[in-house]
Structures are given as structure tokens and as C-alpha cells.
Asks: 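Dropping a structure here in C-alpha cells format, bear with me for questions.
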Amino acid sequence: MNGNEFGRLFRMTTYGESHGEAMGCVVSGVPAGVELSEEDIQTDLDRRKPGQSMITTSRGEPDKVSINSGIQDGYTTGTPVGMVIQNKDARSGKYEPFITAPRPSHGDYTYSAKFGTRNWGGGGRSSARETVNWVAAGGIAKQVLEQSDYDVQIKAHVCQIGDVEAGPITFEDMLEHSEENEVRCADPEAAEEMRELADKHQNEGDSIGGAIYFECRGVPSGLGAPRFDSFPSRLAQAMYSIPAVNDFEYGIGREARTTRGSEYNEDWEFDDDGHPVPEGNDHGGIQGGITTGQPIYGEVTWHPPVSIPKTQTTVDWESREEKEITVTGRHDPVLPPRAVPVVEAMLSCTILDFMLLGGRINPDRLDDRSGEYDTDYHPSSPQNDPEDADTRATTVDED
């Protein structure tokens, strides 16, 4: 099975199934000298994990991450960072009716058609549980960006659920308010309406779609290559990889289809430092597939969760029968609230990868001191520590 790796220099390779023993990933291309702990990664995993509220699945996963390589004395060593997250609350019995009778609009049939088999518990590899790996990798990317010389800030919030839309929101509003409610919407009044709408659909045994707005500030100009490695093409790949995403747009997005060129084009001017900048930012921080240095912003849309308890019809290819089924289990009635940290993680991974590719951050080491070996983060020898004499190796004379 291909398609389990994302990135060019900053690369994450993931493994695991929803009801398997564990989820995990290996992250290559992490520069040495980054201060990193499991707690740094756990923060965002806790934001993504199930069971946070009544509008998320009640599956009881602690999602505790364990780092098992690539760290020495609290700093990255430049070698691959391996991480494991154990599955603790898998209940596969409720998925047995769908082994040969695929659930509507899931990956059940398509996975079986491609591979001739599949791990069916909880949806297996097609489950959104796999994004726990992405958030773990994104936690590393965030630390690299935060400890670099660049002031990159990344934030997202739920801007719409059903027909309820958030009002005008600033970047500062998102930073300050998006984590204050279960919906993760920076508009408190809209958040309450969104929550009521999600509750309504959940009580009716149904679900509802929604969208996330994201914004990235401090991303330098000149990132991305024309055509197949353009910034928006790679960003779109990252967003469309998230399960249940139906649409992605940046800048003014779909409004461009009704916009005149004279309205869309933006004149150039000099900024305070004497650098050319567009007068506006309808392009969303990207022109010609390359970043302009202005804020990058856009929206990602999710279709409604397809695991719903309403009666539906399927066919069993083994018994050759048509069946009525009810999908039971623990499922989210709306996806964007838990997807906010996933979007932020994939933005972090994408931006860091481009910064490494563009030479803005040294791929080997964060301090950019090539050839220097006596660093603050290099491990010390206990033989040189008078207070650690018990650990010293001694020479034994042989007769």
C-alpha cells in the first residue's frame, strides 16, 4: 500500500489501523538541536482526541504519545523521530455486519475492491483515527517553527456548521477565543448556534457538514516552486488528504469565478522596509504558486459524517442479499471541531517542509552552525563531571 508518506524533506510516514494495536509514525528530516518532549506533542493530541464533549465520539482513547527515537537529552539529534500511540478502547464487534456488506459512503467497498481484503474494525486504515499520527508529526513541525528565527503563526477555527456561519473574525480573535468552546469557533454567539445545530442532528440520528477557516502569518516570501510543487498544490494535497474533506480554497476562493480581472488584480507598492508588496491580499498570500510574504488564508469544507444510526440499504456480496443496516457505535455528528488541530498540523508540516526546501531553515541543524560540534545541546560525558564520579568508566589492568 502506497500513499503513507507526506513531505519532501520534512517527511512523515505513518502506520496503523483504527482498531489495531497502535498508531504510529516516523518523522524524517527533523533538524538537530530542537528542544522537544512528549508533552509538546501531547498538547495538540489532547485537542484532537475523542471524548472531549457530547458532540464528539465517546471512544475513550487517551492518545498518549511515546517517542522512541531521535531524541537525546531532550533535543532532536537529526535522526528520524519515531512515535507510537496505543489504541486502548477498540470495540470491533459492532463492525462485523459490514465485513462483506459495505456501509454507504464509506471506504469499505473501495478498500476491498483495491486490495482484495481489508482491516474492517472501525474502518481500519480509512478511519479518521489515522490523523492522530498527523497531529503528532505536526507537533514536531510546530516546535521547529517556533524555535527557528521566523515568527510563523498558524491558527484555524470552525467558521461554519450547516447554515450557521461565524461573523467577521480577526486573527487575534482566533488566537484568543477559538478554544473557549466545544465547537472551536472564535465567534461565541455563532458557536452556541452551531452547538445547538449539532445537537439537533445528533438527536435525530443524523449528522451535518461544516467548514474551517485557517490563517498563517509570518510565512516568508519565495516558498514554493512553479507547477507541480507550487505552494497551493502541495497545500491542497495536505488538506484533501484529511478524511471527509470535500473542498479546499485559498484567498477569495470560489468568489474568483464571478470576479473581474480589474477587481482581482492588485497594484504593487513598497512596504516600510522598501520591499514590493501587493496593495491587497485576495490572492491569499500566494502568487504564481509562490508565497508573497502576506498572510496565507483559506477554507476547508467537510461533508457530514457518514456513520449515522438511521436505517440504510446495502448489499452483501457474500450472501448475495440486499440488507437494511443501522450503523451503531461511537461517532461524531459533525467533524470540523476535532479537525481544527489536524488542519493546523498539516499547515505546520507543509510550511516547514517548504522552508527546509528553500534553505530558510538548515535541514541538518536548527542553529545553522555547520561543522560546529561543541554545542549546548550535545550530550556531556559523565567522565568530565566531578559530581557524577560513580558513572565513570575505569581501566582494569589485566595480568
Asks: Could you check Asp229 against Arg8 for salt bridge (charged side-chain N to carboxylate O under 4.0 Å, His left out), going step by step and ending with a plain yes or no?
Replies: CA-CA 10 Å; Asp229 267 339; Arg8 300 286 196 275; 2.4 Å; yes
Asks: Is any side-chain heavy atom of Arg360 closer than 4.5 Å to one of Leu223?
Replies: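 With C-beta onward as the side chain, the pair touches.
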Asks: Between the side chains of Thr110 and Arg118, is a donor N or O closer than 3.5 angstrom to an acceptor N or O?
Replies: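 No pair is found: no donor N or O on one side chain lies under 3.5 Å from an acceptor on the other.
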Asks: Between the side chains of Asp108 and Arg103, is the shortest nitrogen-to-carboxylate-oxygen separation below 4.0 Å, so that they form an ion pair?
Replies: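 Salt bridge between Arg103 and Asp108, a charged N being under 4.0 Å from a carboxylate O: yes.
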Asks: Do side-chain atoms of Glu249 reach the backbone of Val300 as a donor and acceptor pair under 3.5 angstrom?
Replies: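 Between the backbone of Val300 and the side chain of Glu249 there is no qualifying donor-acceptor contact (under 3.5 Å).
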Asks: Do Pro220 and Met355 have side chains that approach each other closer than 4.5 Å (heavy atoms only, starting at C-beta)?
Replies: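 The answer is yes, as the side chains (C-beta and beyond) meet within the 4.5 Å cut-off.
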Asks: Would Val84 and Val65 count as a side chain to side chain contact (heavy atoms under 4.5 Å, CB included) if you check the C-alpha gap in whole Å, the side-chain angles of each, and the deciding distance to 0.1 Å?
Replies: CA-CA 6 Å; Val84 176; Val65 66; over 6 Å; no
Asks: Can you list the steps and then say if Thr301 with Phe248 is a side chain to side chain contact (heavy atoms under 4.5 Å, CB included)?
Replies: CA-CA 6 Å; Thr301 298; Phe248 161 76; over 6 Å; no
Asks: Does Glu172 have more than 12 heavy atoms from other residues, nucleotides or ligands lying within 6.0 Å of its CD?
Replies: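 Yes.
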Asks: With sequence neighbours excluded, give me every ring pair (Phe, Tyr, Trp, His ring centres under 6.0 Å) pair touching residues 255-293.
Replies: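 Passing the test, one end in residues 255-293: Tyr264-His283.
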Asks: Among residues at least two apart in sequence or on other chains, which ones pass side chain to side chain contact (heavy atoms under 4.5 Å, CB included) with Ser28?
Replies: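 Side chain to side chain contact (heavy atoms under 4.5 Å, CB included) check on Ser28 returns Arg11, Val26, Pro80.
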Asks: Determine whether His201 and Asn203 make a side-chain contact, defined as any pair of heavy atoms from C-beta on separated by less than 4.5 Å.
Replies: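 They are not in side-chain contact.
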Asks: Under a 4.0 Å threshold between the charged nitrogen and the carboxylate oxygen, would Asp374 count as salt-bridged to Arg369?
Replies: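 Looking at Asp374 together with Arg369, the answer is no, because their closest N to O distance does not fall below 4.0 Å.
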Asks: Hey, does Trp134 have a side-chain heavy atom less than 4.5 Å from the side chain of Ser241?
Replies: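 Yes, side chains in contact.
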Asks: Would one find more than 12 heavy atoms of other residues, nucleotides or ligands at under 6.0 Å from atom CG of Asp376?
Replies: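 Counting other residues, nucleotides and ligands, CG of Asp376 stays at 12 neighbours or fewer.
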Asks: Flag the pair Glu299 and Arg254 as a salt bridge only when some basic side-chain nitrogen lies within less than 4.0 angstrom of an acidic carboxylate oxygen.
Replies: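 Salt bridge: no.
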Asks: The criterion is salt bridge (Lys or Arg N to Asp or Glu O under 4.0 Å); which residues satisfy it with Asp282, sequence neighbours excluded?
Replies: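 Partners of Asp282 under the salt bridge (Lys or Arg N to Asp or Glu O under 4.0 Å) test: none.
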Asks: According to a 4.5 Å side-chain heavy-atom criterion applied to Ile, Leu, Val, Met, Phe, Trp and Tyr, with indirect links allowed, do Met12 and Tyr240 form part of one hydrophobic cluster?
Replies: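 Linked, Met12 and Tyr240 end up in one cluster.
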Asks: Does Gln160 have any side-chain hydrogen bond (donor to acceptor under 3.5 Å, both in side chains) partners at least two apart in sequence or in another chain, and if so, which?
Replies: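 Once residues adjacent in sequence are excluded, Gln160 has no partner under the side-chain hydrogen bond (donor to acceptor under 3.5 Å, both in side chains) criterion.
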Asks: With side chain to side chain contact (heavy atoms under 4.5 Å, CB included) as the criterion, how do Tyr111 and Asn119 come out once you've worked through the C-alpha distance, each side chain's angles and the decisive distance to 0.1 Å?
Replies: CA-CA 9 Å; Tyr111 268 62; Asn119 184 308; over 6 Å; no
Asks: Checking Glu215 now: which residues fulfil salt bridge (Lys or Arg N to Asp or Glu O under 4.0 Å) with it, not counting sequence neighbours?
Replies: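 Salt bridge (Lys or Arg N to Asp or Glu O under 4.0 Å) list for Glu215, sorted by chain: Arg217.
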Asks: Using the salt bridge (charged side-chain N to carboxylate O under 4.0 Å, His left out) rule, take Glu179 and Lys155 through it: C-alpha gap first, then chi angles, then the decisive distance, then the call.
Replies: CA-CA 11 Å; Glu179 298 295 321; Lys155 197 70 190 83; 3.7 Å; yes
Asks: Go through it in stages, so that I can follow the logic: the residues are Thr14 and Glu130, the test is side chain to side chain donor-acceptor pair (under 3.5 Å), and I'd like the CA-CA distance, side-chain angles, deciding distance and then a yes or no.
Replies: CA-CA 8 Å; Thr14 71; Glu130 211 274 315; 2.6 Å; yes
Asks: If you group Ile, Leu, Val, Met, Phe, Trp and Tyr by side-chain heavy-atom gaps below 4.5 Å, do Met346 and Ile154 land in one group?
Replies: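 Yes.
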Asks: Side-chain contact test, heavy atoms from C-beta onward, threshold under 4.5 Å: evaluate it for Ile242 versus Val245 and give yes or no.
Replies: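 They are in contact (side-chain heavy atoms under 4.5 Å apart), so the answer is yes.
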Asks: Tell me whether Phe6 is reachable from Val343 by hopping between hydrophobic residues (I, L, V, M, F, W, Y) whose side-chain heavy atoms are closer than 4.5 Å.
Replies: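 Val343 clusters together with Phe6.
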Asks: Among residues at least two apart in sequence or on other chains, which ones pass side chain to side chain contact (heavy atoms under 4.5 Å, CB included) with Gln143?
Replies: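 So Gln143 forms a side chain to side chain contact (heavy atoms under 4.5 Å, CB included) with Val34, Leu36, Asp40, Glu146, Gln147.
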Asks: Ignoring hydrogens and geometry beyond distance, is a side-chain donor-acceptor pair present between Ser307 and His106 at under 3.5 Å?
Replies: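 Yes, His106 and Ser307 have a side-chain donor paired with an acceptor closer than 3.5 Å.
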Asks: Is a side-chain donor or acceptor of Ser207 paired with a backbone partner of Pro305 at a separation under 3.5 angstrom?
Replies: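 Side chain of Ser207 to backbone of Pro305, a donor-acceptor pair under 3.5 Å: yes, one is there.
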Asks: Using side chain to side chain contact (heavy atoms under 4.5 Å, CB included) as the criterion, list what pairs up with Asp364, not counting sequence neighbours.
Replies: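 Applying side chain to side chain contact (heavy atoms under 4.5 Å, CB included) to Asp364 gives Asn362.
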Asks: Checking Arg48 against Thr131 for the side chain to side chain donor-acceptor pair (under 3.5 Å) test, could you report, in this order, the C-alpha distance in whole Å, the side-chain angles of both residues, the deciding distance, and whether it holds?
Replies: CA-CA 9 Å; Arg48 193 220 71 97; Thr131 61; 3.2 Å; yes
Asks: Hey, does Asn87 have a side-chain heavy atom less than 4.5 Å from the side chain of Glu21?
Replies: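 Glu21 vs Asn87: side chains apart.
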Asks: Within a radius of less than 6.0 Å around CG of Asp271, do more than 12 heavy atoms belonging to other residues, nucleotides or ligands occur?
Replies: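 Enclosed.
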Asks: Heavy atoms only: give me the nearest Asp353-Leu9 pair and the separation to one decimal.
Replies: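 Taking Asp353 first and Leu9 second, the nearest heavy atoms are OD1-N, 2.8 Å.
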Asks: So which atom in Gln287 and which in Pro278 form the shortest heavy-atom distance, rounded to 0.1 Å?
Replies: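 Smallest interatomic distance, heavy atoms only, reads NE2-CG, 3.5 Å.
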Asks: Which pairs with one or both residues in residues 335-364 pass ring pair (Phe, Tyr, Trp, His ring centres under 6.0 Å), sequence neighbours excluded?
Replies: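 Ring pair (Phe, Tyr, Trp, His ring centres under 6.0 Å) check on residues 335-364 returns Phe231-Phe354.
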Asks: Could you list the residues that satisfy side chain to side chain contact (heavy atoms under 4.5 Å, CB included) with Thr100, not counting sequence neighbours?
Replies: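 Once residues adjacent in sequence are excluded, the partners of Thr100 under the side chain to side chain contact (heavy atoms under 4.5 Å, CB included) criterion are Asp316, Trp317, Glu318.
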Asks: Can a donor-acceptor pair be found, under 3.5 Å and without considering hydrogens, that links the side chain of Ser230 to the backbone of Pro226?
Replies: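 No; judged by distance alone, with no hydrogens or angles, the pair does not exist.
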Asks: Given side chains that start at C-beta, do those of Lys142 and Leu352 come closer than 4.5 Å, heavy atoms only?
Replies: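 No - every pair of side-chain heavy atoms lies 4.5 Å or more apart.
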Asks: Do other residues, nucleotides or ligands put more than 12 heavy atoms under 6.0 Å from the CZ atom of Phe98?
Replies: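 Enclosed: over 12 neighbouring heavy atoms sit under 6.0 Å from CZ of Phe98.
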Asks: How about Glu5: does its CD atom have over 12 heavy atoms from other parts shown lying under 6.0 Å from it?
Replies: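 Atom CD in Glu5 is crowded, with more than 12 foreign heavy atoms closer than 6.0 Å.
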Asks: Arg365 vs Glu372, test: salt bridge (charged side-chain N to carboxylate O under 4.0 Å, His left out). Steps then yes/no.
Replies: CA-CA 10 Å; Arg365 49 196 294 174; Glu372 296 289 334; over 6 Å; no
Asks: Not counting sequence neighbours, which residues clear salt bridge (Lys or Arg N to Asp or Glu O under 4.0 Å) with Arg260? List them please.
Replies: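 For Arg260, no residue satisfies salt bridge (Lys or Arg N to Asp or Glu O under 4.0 Å) once neighbours in sequence are set aside.
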Asks: For residues 137-193, which residue pairs pass the ring pair (Phe, Tyr, Trp, His ring centres under 6.0 Å) check, not counting sequence neighbours?
Replies: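 Non-adjacent pairs meeting ring pair (Phe, Tyr, Trp, His ring centres under 6.0 Å): zero.
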Asks: Is it the case that the side chain of Asp187 and the backbone of Gly167 share a donor-acceptor pair, with hydrogens and angles ignored and the cut-off at 3.5 Å?
Replies: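 Yes, the answer is positive, given that a donor and an acceptor are paired below the 3.5 Å cut-off.
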Asks: Might you work through the side chain to side chain contact (heavy atoms under 4.5 Å, CB included) test for Glu17 and Ser127, ending with a clear yes or no?
Replies: CA-CA 7 Å; Glu17 293 85 27; Ser127 170; over 6 Å; no
Asks: Apply side chain to side chain donor-acceptor pair (under 3.5 Å) to residues Tyr377 and Asp367 and explain how you reach the verdict.
Replies: CA-CA 10 Å; Tyr377 53 88; Asp367 60 15; 2.8 Å; yes
Asks: Does the side chain of Arg338 reach to within under 4.5 Å of the side chain of Arg47, using non-hydrogen atoms?
Replies: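 Arg338 vs Arg47: side chains apart.
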Asks: Can you run down the side-chain hydrogen bond (donor to acceptor under 3.5 Å, both in side chains) pairs that involve residues 67-84, sequence neighbours left out, and say none if there aren't any?
Replies: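 Qualifying pairs, neighbours excluded: Thr77-Thr79.
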